[in-house]
Amino acid sequence: MTDSLRNRLLEAERDHTARPALWIEDQRWSYAELFAAARALGAQIDAEVAPGLPLGIFCQRDETSVVGILAAALFGRPYLPLNPGFPPDRLAAIVAIGRPGALLCSPETRGAAQAMLPDLPLGLPLFGLEGMFACGTGPSPEAPDDPTRAAADPTAYIMFTSGTTGTPKGVRVLERNLLTYLDGIAPIAAIGPGDRATHFFDLSFDLSVHDIFVTLVAGAELCVLPKSLSMAVTEFARSRRLTHWFSVPSLAAFCDRLGQLTPAALPDLRTVLFCGEALAVSVMRRFREAAPRARIWNIYGPTEATIAFTAYEVKQPDGLEGLAVVPIGLPIGQEKVRLDALEDPSQPGAAELCLGGRQVTPGYMNNPEQNASRFEESGGLRWYRTGDVVRLSEAHGLLFLGRIDDQVKINGYRVELQEIDAVLRQAPPPQAVRARLEAPAAALAFGR
């Protein structure tokens with residue numbers, strides 16, 4: 001059998017038909033139920049939308065989103081996350097670049113999706129798990145120019161990141177990029193049938209891809225954090241007896257500030273992964289006390305190199321005295337790193353981290369200048385220049401030192417400060433803003 005994402009998912013369905021696959025708000029879906037819903041949805045979309053066009057998913061961490069992602073994978077479509085919390089202009093820019101063939105919404109986002117359709121640059125049919133609801137106006141997207149190439153090297157998903165010009169950058173992640181990651185992370189995640197894994201991430205954050213595919217390919221159960229427990233995350237993990245935790249470090253720090261990381265508060269956890277931002281040694285140690293049975297890993301990687309690229313396991317004793325943040329370690333699987341030295345006398349040994357291998361993506365959509373400056377082919381490998389500054393330690397592998405540019409991380413999300421600057425330059429002058437703010441008050445004073 002040819003190795004593909006679809007075949008791996010079908011194998012998991014066949015081997016774990018009756019096992020629980022998804023838990024959300026006290027509702028449980030078996031593998032049989034989840035895949036049946038995905039097939040039904042995929043068939044409905046295929047009847048209306050040209051093959052190969054992406055499925056835009058306008059919902060967050062619910063059964064609709066998981067079913068939609070599975071439907072896209074089973075029917076050979078990429079999926080494109082559209083965060084309902086994003087401003088309309090940003091969503092329109094993402095749709096214009098990503099060019100989905102249809103939108104999928106949940107009952108909670110249907111009204112917003114229908115209101116958004118007339119302002120989108122493409123005419124898109126709108127689907128939910130109940131069927132098709134509406135169609136947008138404007139020209140419909142066309143099928144890929146070269147279906148043979150699309151079938152031979154299919155795109156798994158399209159993820160957008162912050163851009164320096166004010167326009168988000170779309171990263172096309174191939175199926176082979178994702179399969180390489182799944183193979184490399186498997187011995188680290190160490191997840192299997194009967195395990196229960198967290199799902200904390202928004203779909204517009206590529207760490208959510210790990211949640212869904214690592215869990216479902218392994219025959220485990222994906223457990224979605226209910227909104228009602230957003231301030232009681234450890235209670236959720238403890239009550240569901242979760243075995244696998246994956247989050248940004250800031251979520252662990254948040255739990256610590258709330259006093260939730262008490263000794264043995266998370267006794268069932270066996271694997272803990274942190275990614276998305278620097279992991280403070282102090283936070284890691286507090287979490288280790290709360291989850292004494294767990295193996296704790298700090299993993300690192302940008303969207304452009306498919307989710308995570310390096311890993312560092314924290315062992316006891318951790319030997320991290322003198323370090324403020326946990327190392328990012330060494331490459332997973334067969335991937336490679338290269339250190340391009342920086343001329344910075346204040347940081348001896350500092351270098352820009354470059355990533356090479358099968359996880360490195362084709363690059364940004366419709367952005368040749370950024371592709372030329374950040375991606376290259378060398379030594380038979382595709383490389384990505386991360387802009388991250390590191391130093392190599394014999395004891396710990398790669399140590400993260402910072403950035404060579406103005407990019408920052410906010411709760412794991414990458415934010416280019418140049419993008420904020422570009423948006424602010426398009427804003428009205430302060431006098432106009434002040435006039436707008438004062439106008440309603442003046443009208444009210446005159447009884448209007």
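Note that this is a predicted model, so its numbers are computed, not measured. Worth knowing before you read on, the calculation uses all heavy atoms, side chains too, and leaves out hydrogens, waters and symmetry mates.
At distances below 3.5 Å, not a single donor-acceptor pair connects side-chain atoms of Glu175 with backbone N or O atoms of Ala156. Here the side chain of Asp62 pairs a donor or acceptor atom with the backbone of Thr64 at under 3.5 angstrom. A donor-acceptor contact shorter than 3.5 Å is absent between the side chain of Glu335 and the backbone of Ile332. A distance-only check finds no donor-acceptor pair linking the side chain of Thr109 to the backbone of Ala112 [under 3.5 Å]. Looking only at distances, a side-chain donor or acceptor of Asn298 sits under 3.5 Å from a matching main-chain atom of Val326. Judged by distance alone, with hydrogens and angles left aside, the side-chain atoms of Thr271 form no donor-acceptor pair with the main-chain N or O of His244 at under 3.5 Å. A donor-acceptor distance shorter than 3.5 angstrom exists from the side chain of Thr386 to the backbone of Leu353, with no hydrogens or angles considered. With Arg77 contributing its side chain and Pro54 its backbone, the two residues share no donor-acceptor pair below 3.5 Å. Using modelled atom types, no side-chain atom of Glu48 and backbone atom of Pro125 make a donor-acceptor pair closer than 3.5 Å.
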Would Leu182 and Val214 satisfy side-chain contact (heavy atoms from CB on, under 4.5 Å), going step by step from the backbone distance to the final call?
CA-CA 6 Å; Leu182 295 179; Val214 169; 3.6 Å; yes
Could you go through the side-chain contact (heavy atoms from CB on, under 4.5 Å) check for Phe236 and Leu242 one step at a time?
CA-CA 8 Å; Phe236 160 68; Leu242 300 185; 3.6 Å; yes
Tell me, with the steps shown, if Leu216 and Leu70 meet side-chain contact (heavy atoms from CB on, under 4.5 Å).
CA-CA 10 Å; Leu216 295 182; Leu70 282 178; 4.1 Å; yes
Which is it for Phe287 and Val314 under the side-chain contact (heavy atoms from CB on, under 4.5 Å) test, yes or no, and what are the steps along the way?
CA-CA 11 Å; Phe287 203 94; Val314 180; over 6 Å; no
Take Asp183 and Thr180, measure what side-chain hydrogen bond (donor to acceptor under 3.5 Å, both in side chains) needs, and give me the verdict at the end.
CA-CA 5 Å; Asp183 290 339; Thr180 302; 5.9 Å; no
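Residues Glu352 and Leu339 have side chains not in contact (no heavy-atom distance under 4.5 Å, counting atoms from C-beta outward). Contact of the Pro81 side chain with the Met159 side chain is registered, since non-hydrogen atoms from C-beta on lie closer than 4.5 Å. Using a 4.5 Å heavy-atom threshold, the side chains of Val283 and Ser250 count as separate. Proximity of Leu120 to Leu103: side-chain heavy atoms (C-beta onward) are separated by under 4.5 Å at one or more points. Counting only heavy atoms from C-beta outward, the side chains of Leu203 and Ile69 approach each other to under 4.5 Å. Two residues are said to be in side-chain contact when any heavy atoms from C-beta on lie closer than 4.5 Å; Phe160 and Arg90 fail this criterion. Within the 4.5 Å cutoff, the side chain of Leu225 has no heavy atoms near those of the Thr198 side chain. Two residues are said to be in side-chain contact when any heavy atoms from C-beta on lie closer than 4.5 Å; Thr243 and Leu269 fail this criterion.
Here the rule is ring-ring contact (aromatic ring centres under 6.0 Å, His included) with Phe200, and of Trp245, Phe205, Phe246 only Trp245 fits it. Each of Arg374, Gln370, Glu369, Glu304 was evaluated against Tyr364; a single residue qualifies, Glu304, per the side-chain hydrogen bond (donor to acceptor under 3.5 Å, both in side chains) test. A salt bridge (Lys or Arg N to Asp or Glu O under 4.0 Å) with Glu221 holds for exactly one of Arg241, Arg28, Arg196; it is Arg28. For the side-chain hydrogen bond (donor to acceptor under 3.5 Å, both in side chains) test with Glu13, the passing option among Arg8, Arg39, Arg19 is Arg39; the others fail.
Gln334 CD: 12 or fewer foreign heavy atoms inside a 6.0 Å radius.
The line from CG of Leu330 to CD of Glu313 is 12.5 Å long, rounded to the nearest 0.5 Å. To the nearest 0.5 angstrom, Glu376 atom CD is 9.5 Å from Arg382 atom CZ. Going from atom OG of Ser247 over to atom CZ of Phe274 covers 5.0 Å, rounded to the nearest 0.5 Å. Rounding to the nearest 0.5 Å places CD of Gln60 at 4.0 Å from CG of Asp202. In this structure, CZ on Arg385 lies 11.0 Å from CG on Leu355, to the nearest 0.5 angstrom. Separating the CG atom in Leu53 from the CZ atom in Arg99 is a distance of 8.5 Å, to the nearest 0.5 Å.
Ion pairing of Lys227 with Glu108 is absent here, as no side-chain N (NZ or NE/NH1/NH2) approaches a carboxylate O to less than 4.0 Å. Salt-bridge formation is not detected for the pair Arg238/Asp268: no Lys NZ or Arg NE/NH1/NH2 atom is positioned less than 4.0 Å from an Asp or Glu carboxylate oxygen.
In terms of heavy atoms, Ala21 sits closest to Leu34 at CB-CD2, 3.9 Å. When all heavy atoms of Leu381 and Trp383 are compared, the closest pair comes out as O-CD1, 3.4 Å. Residues Thr361 and Thr303 come closest through the heavy atom pair CG2-O, 4.0 Å. Between Ala113 and Cys105 the shortest heavy-atom distance is CB-CB, 4.1 Å. The shortest heavy-atom contact between Gly276 and Val248 is CA-CG1, 4.4 Å. Between Gly68 and Ile57, the shortest heavy-atom distance links the atoms C-CD1, 3.9 Å.
Ring geometry, Phe400 versus Tyr300: the interplanar angle falls from 30° to 60°, so the pair is classed tilted.
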May I have the list of side-chain donor-acceptor pairs in residues 305-312 shorter than 3.5 Å, sequence neighbours left out?
residue : atom : partner : partner atom : Å
Thr306  : OG1  : Gln359  : O            : 2.5
Thr310  : OG1  : Ile328  : O            : 2.7
Tyr312  : OH   : His396  : ND1          : 3.1

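Checked against a 6.0 Å centroid threshold, the rings of Phe213 and Tyr181 do not count as neighbours.
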